Amino acid sequence: MDIATKLKKIQTEIPEQVTLIAVSKTKPIEDIQTAYDAGQRVFGENKAQEMNQKHADLPKDINWHFIGHLQTNKVKYIAPFVSLIHSIDSSKLLDEINKQAAKNARQINCLLQFHIADETTKFGLNMEEATNIINRYQANEWPHIILLGVMGMATYTDDIEQISKEFSNLKSNYDHLKMQFFPTDSKFKEISMGMSGDYCHAIKAGSTMVRIGSSIFGARNYAR
Ligand SMILES: *Cc1c(COP(=O)(O)O)cnc(C)c1O
């Protein structure tokens with residue numbers, strides 16, 4: 001199947017209210033243009049310079065989402081145009097994003113990334129760290145940041161029960177934060193969870209954004 005066909009197939013599998021992020025990391029401009037021509041407007045990348053270059057080379061109505069661990073010294077490459085950063089895992093990162101957003105006279109949308117997987121290698125916050133960040137956010141420490149919700153990655157495993165449990169944990173974290181801190185904030189509404197291998201389970205658990213790469217663009221040449 002070609003990219004456009006795979007894209008259409010996934011579109012029919014996910015509910016209308018769930019945003020499909022086409023994860024184009026490592027893939028060439030031509031593949032992204034093909035998906036764009038098939039109607040896709042939201043793309044995910046996990047390397048700041050690569051995303052900067054692709055933004056320069058492709059149509060300007062693409063929404064670029066940053067989905068990987070973001071080093072503070074790389075924020076400047078994406079601050080002028082990024083639509084949503086999924087991977088907030090420290091207050092230091094918010095300090096830098098706020099600073100770079102101010103330089104660009106804009107606000108930048110962000111998600112708090114939670115550590116939900118049974119793996120030590122994945123980045124992310126726990127509830128206590130997230131609560132501390134939200135308290136500082138609501139004290140207006142980062143006026144150029146807008147928090148839209150949460151993100152998480154499940155363990156890389158075939159154990160569907162475990163994956164579903166991890167997604168439910170993220171949904172429950174979101175529900176607690178929403179109730180406690182954002183009951184009247186209509187912007188805090190996103191739960192970014194689900195990739196090629198597990199998006200069906202993520203959607204069942206309440207995902208509002210799925211990040212799908214290999215099922216659209218094919219396997220990547222190297223893991224990263
Ligand atoms: C690569 C990546 C994805 C997409 O993975 P696929 O298995 O190719 O769908 C989703 N989320 C994050 C954070 C990623 O790094």
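Counting convention: from 1, in listed order, for ligands and their atoms alike. Quantities reported herein were computed from a predicted structural model and do not represent experimental measurements.
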Open item on the list: So if I count the atoms of ligand 1 from 1 in the order they appear, which ones are less than 4.0 Å from some heavy atom of Gly213?
Closed with: 4 (C), 6 (P), 8 (O), 9 (O)

- [ ] Please could you name the atoms of ligand 1 that Ile212 approaches to less than 4.0 Å, counting only its heavy atoms?
- [x] 9 (O)

- [ ] Heavy-atom contacts with Arg211 under 4.0 Å: which atoms of ligand 1 show up? List them by number with element.
- [x] 4 (C), 9 (O), 10 (C), 11 (N), 12 (C), 13 (C)

Open item on the list: Parallel, tilted or perpendicular, judged at 30° and 60°: which one describes the rings of Phe43 and Trp64?
Closed with: tilted

- [ ] Establish, from distance only, whether the side-chain atoms of Asn104 and Gln100 form a donor-acceptor pair under 3.5 Å.
- [x] no

- [ ] Enumerate the residue pairs fulfilling side chain to side chain donor-acceptor pair (under 3.5 Å) with a member in residues 135-147, sequence neighbours excluded, ordered by first and then second residue.
- [x] Ser91-Arg136, Asp95-Trp142, Arg136-Glu141

TODO: Could you tell me whether Ser215 and ligand 1 have an N or O pair separated by under 3.5 Å?
DONE: no

Task: Atom indices of ligand 1, in the order listed, that fall short of 4.0 Å to a heavy atom of Ser196 - done: 6 (P), 7 (O), 8 (O), 9 (O)

Task: Joint hydrophobic cluster, Phe123 plus Leu147, side-chain heavy atoms closer than 4.5 Å - done: no

Task: His86 touching ligand 1 at heavy-atom level, < 4.0 angstrom - done: no

Open item on the list: For the 3.5 Å polar cut-off, considering only N or O atoms, please tell me whether Gly68 and ligand 1 meet it.
Closed with: no

Open item on the list: Quick check on contacts: which atoms of ligand 1 are under 4.0 angstrom from a heavy atom of Met153?
Closed with: 13 (C)

Open item on the list: Counting only heavy atoms from other residues, nucleotides and ligands, does the tally under 6.0 Å from CG of Asp57 exceed 12?
Closed with: yes

Open item on the list: Could you tell me, atom by atom, which parts of ligand 1 come under 4.0 Å of a heavy atom of Arg220?
Closed with: 1 (C), 5 (O), 6 (P), 8 (O)

TODO: Hey, could you give me each pair passing ring pair (Phe, Tyr, Trp, His ring centres under 6.0 Å) that has a residue in residues 194-219? Not counting sequence neighbours.
DONE: none

TODO: For atom NZ of Lys76, decide whether the heavy atoms of other residues, nucleotides or ligands shown that lie under 6.0 angstrom number more than 12.
DONE: yes

Open item on the list: Checking the N or O distance criterion of under 3.5 Å, is ligand 1 in contact with Asn46?
Closed with: no

